[in-house]
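Structure first, then comments.
Bear in mind the structure is a predicted one, so any value in this text is a computation, not a measurement.
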Amino acid sequence: MKGVVFMRYVCLSYVALLLVSCSKQSGEVEEFRFIKPEHFPSSTYNFELNEITEEAFLLGRKLFYDPLLSIDGSVACANCHQQGTAFADGQQHPFSIGVDNEIGIRNAPALANMAFYKEFFWDGGVTHLDFVPINAIESDIEMKEDLNHLIEKLNASSFYQLEFKETFKIDSITSPYLFKALSQFMLMMVSANSPYDKWLNNKGDLKAIEQEGLALFQDKCASCHEGVLFTNQEYRNIGLDSIYPDLGRATITENPMDVGKFRVPSLRNVALTAPYMHNARFWTLKEVLDHYDEGVLDVPNLANELNQGSTRGIPLTEMEKEAIISFLKTLSDVEFIQDQKFVEYN
């Protein structure tokens with residue numbers, strides 16, 4: 001991985017991020033060793049309050065794949081976040097499917113580079129990674145569980161009692177330690193080794209059409225999908241709808257000017273994470289670009305980037321769309337989706 005140097009363990013300052021290197025045969029973590037990718041911004045997560053350890057990472061992995069977190073033992077975090085699709089939901093489930101096969105109203109976002117974000121979910125309703133899981137756990141559609149009841153179940157499990165005791169040196173499991181373990185697993189989901197990253201760090205090449213697509217992307221798309229995270233972490237109404245069954249950001253802010261605004265998603269691994277948009281509107285990248293070219297609706301709070309004078313949307317030729325899609329495919333991090341440390345092991 002670019003900007004990453006693997007060596008024997010030495011003390012790292014609290015600003016260093018940790019990633020695990022694991023055995024592809026056993027799935028057991030062999031050593032921790034990762035300094036933040038050189039081309040990435042500073043972390044927003046305070047690692048001093050949740051120091052990464054091998055034991056907590058493995059416990060978090062176990063919890064991520066365990067349907068015990070749902071009320072009837074039928075739904076795990078991994079149901080909606082599958083590694084093969086960069087921890088997005090995948091094309092089989094355009095919307096989150098919960099207990100009793102209830103269907104949600106939003107497409108589950110991909111999980112990667114969580115240590116660098118300041119807000120989470122399509123509406124930005126959570127501002128700390130540790131509190132992300134409770135939304136799924138207590139959702140009336142997804143896991144339908146009560147947090148207090150879940151903690152009771154964990155304390156009733158001799159397996160989890162021993163795991164939490166050995167990991168955190170506690171005699172009774174509490175919700176903060178549940179969330180710390182899950183966060184440690186998610187924090188390790190760093191995707192920074194795509195063909196684009198290799199090119200950026202002068203260790204790989206991009207084809208001519210991919211470089212053409214990059215130039216077009218920087219000119220037409222990067223004002224929202226900016227930087228190496230490919231998101232400005234803001235919220236935009238991109239003219240998908242004029243009637244809003246899902247109010248988006250306004251659900252959190254109660255500001256009518258935020259109706260229909262949703263988080264600008266990262267485009268890392270975007271070729272792997274169809275369908276697209278919060279409501280799974282589009283199934284291909286071509287359809288997404290077609291929307292920006294000719295499908296943007298004239299709504300009162302349309303994103304400024306899509307409302308430039310007499311021009312609404314982003315005019316694109318078919319050849320330009322082809323080039324941009326070629327570039328977007330260079331953001332696929334195969335090593336990330338095949339990394340054995342994220343695979344479930346019993």
Side-chain angles (χ1 to χ4, degrees), residues 6-23 26-36 42-71 73 76-78 81 87 111 113-117 120 126-138 143 145-190 339-346:
F6 287 93
M7 60 183 75
R8 292 188 179 277
Y9 179 85
V10 296
C11 293
L12 298 176
S13 67
Y14 76 91
V15 296
L17 296 181
L18 298 173
L19 189 63
V20 279
S21 172
C22 67
S23 163
S26 66
E28 293 300 317
V29 175
E30 293 179 341
E31 60 181 355
F32 292 77
R33 201 63 188 135
F34 183 163
I35 298 174
K36 175 181 70 66
S42 299
S43 166
T44 59
Y45 190 88
N46 188 348
F47 286 86
E48 286 190 309
L49 300 179
N50 189 15
E51 183 180 355
I52 304 294
T53 67
E54 174 183 356
E55 293 81 10
F57 169 79
L58 293 174
L59 176 56
R61 183 175 72 183
K62 178 65 177 176
L63 289 162
F64 187 86
Y65 285 98
D66 196 339
L68 179 71
L69 273 62
S70 64
I71 192 170
C77 302
H81 299 285
F87 292 100
L111 302 180
N113 303 325
M114 308 290 278
F116 305 99
Y117 295 136
F120 304 90
V126 174
T127 59
H128 196 292
L129 180 61
D130 287 4
F131 301 122
V132 166
I134 193 173
N135 282 262
I137 291 169
E138 294 201 326
M143 293 181 169
E145 182 57 285
D146 175 78
L147 182 58
N148 291 327
H149 184 237
L150 172 57
I151 296 302
E152 290 177 5
K153 291 193 295 184
L154 292 172
N155 276 301
S157 164
S158 58
F159 170 81
Y160 278 119
Q161 273 199 338
L162 179 61
E163 289 293 309
F164 275 89
K165 184 177 182 65
E166 292 183 345
T167 299
F168 295 113
K169 315 305 179 193
I170 56 175
D171 293 322
S172 179
I173 301 168
T174 59
S175 58
Y177 289 101
L178 164 66
F179 297 146
K180 284 178 183 290
L182 284 166
S183 285
Q184 291 209 22
F185 181 67
M186 291 186 286
L187 286 164
M188 298 306 183
M189 295 177 180
V190 176
D339 195 326
Q340 293 297 295
K341 68 174 164 286
F342 299 126
V343 175
E344 178 182 15
Y345 288 90
N346 297 318

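- Here the side chains of F116 and K36 are in contact, with some heavy-atom distance below 4.5 Å.
- One finds the CE atom of M188 at 11.5 Å from the CG atom of D339 (value rounded to the nearest 0.5 Å).
- The shortest heavy-atom contact between M114 and M186 is CG-O, 4.0 Å.
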Distance-only criterion, 3.5 Å: show the donor-acceptor pairs between side-chain atoms of residues 172-183 and protein atoms not counting sequence neighbours.
{"residue": "K180", "atom": "NZ", "partner": "L49", "partner atom": "O", "Å": "2.6"}
{"residue": "S183", "atom": "OG", "partner": "D130", "partner atom": "OD1", "Å": "2.5"}
{"residue": "S183", "atom": "OG", "partner": "F179", "partner atom": "O", "Å": "3.1"}

Notebook entry, point to check: Going through the distances and angles, do F57 and K341 end up as a side-chain contact (heavy atoms from CB on, under 4.5 Å)?
Noted result: CA-CA 10 Å; F57 169 79; K341 68 174 164 286; 4.3 Å; yes

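- Residues Y160 and L68 are in side-chain contact: their nearest non-hydrogen atoms beyond the backbone lie under 4.5 Å apart.
- F120 is listed as a side-chain neighbour of L129, based on a closest heavy-atom distance under 4.5 Å.
- A pairwise comparison of heavy atoms in P67 and A76 identifies N-CB, 3.7 Å as the closest pair.
- The side-chain heavy atoms of F64 and F342, taken from C-beta on, include no pair separated by under 4.5 Å.
- The CD1 atom of I151 sits 11.0 Å away from atom NE2 of H149, with the distance rounded to the nearest 0.5 Å.
- D171 is linked by a side-chain hydrogen bond (donor to acceptor under 3.5 Å, both in side chains) to K165, counting only residues two or more places apart in sequence or in another chain.
- Scanning for side-chain hydrogen bond (donor to acceptor under 3.5 Å, both in side chains) contacts around N50 gives Y45, Q184, with sequence neighbours left out.
- For Q161, the side-chain contact (heavy atoms from CB on, under 4.5 Å) partners are N155, not counting sequence neighbours.
- Within the 3.5 Å criterion, the main-chain N or O of E344 finds no donor-acceptor partner in the side chain of R61.
- The distance from the CG atom of L59 to the CZ atom of F168 is 6.0 Å, given to the nearest 0.5 Å.
- Among residues at least two apart or in separate chains, salt bridge (charged side-chain N to carboxylate O under 4.0 Å, His left out) pairs with a member in residues 150-159 are E145-K153.
- Under the rule for a ring-ring contact (aromatic ring centres under 6.0 Å, His included), F159 has no partner lying at least two apart in sequence or in another chain.
- The two residues V190 and L187 make their nearest non-hydrogen contact at CG2-O, 3.6 Å.
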Check: Are M189 and N113 close enough, and set up right, to give a side-chain contact (heavy atoms from CB on, under 4.5 Å), and what steps lead you there?
Finding: CA-CA 6 Å; M189 295 177 180; N113 303 325; over 6 Å; no

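- Put simply, the side chain of D146 does not reach to within 4.5 Å of the side chain of I137, judged on heavy atoms.
- Atom CD in E163 sits 9.0 Å away from atom OG in S157 (nearest 0.5 Å).
- Side-chain atoms of E54 and L58, non-hydrogen and from C-beta on, do get closer than 4.5 Å to each other.
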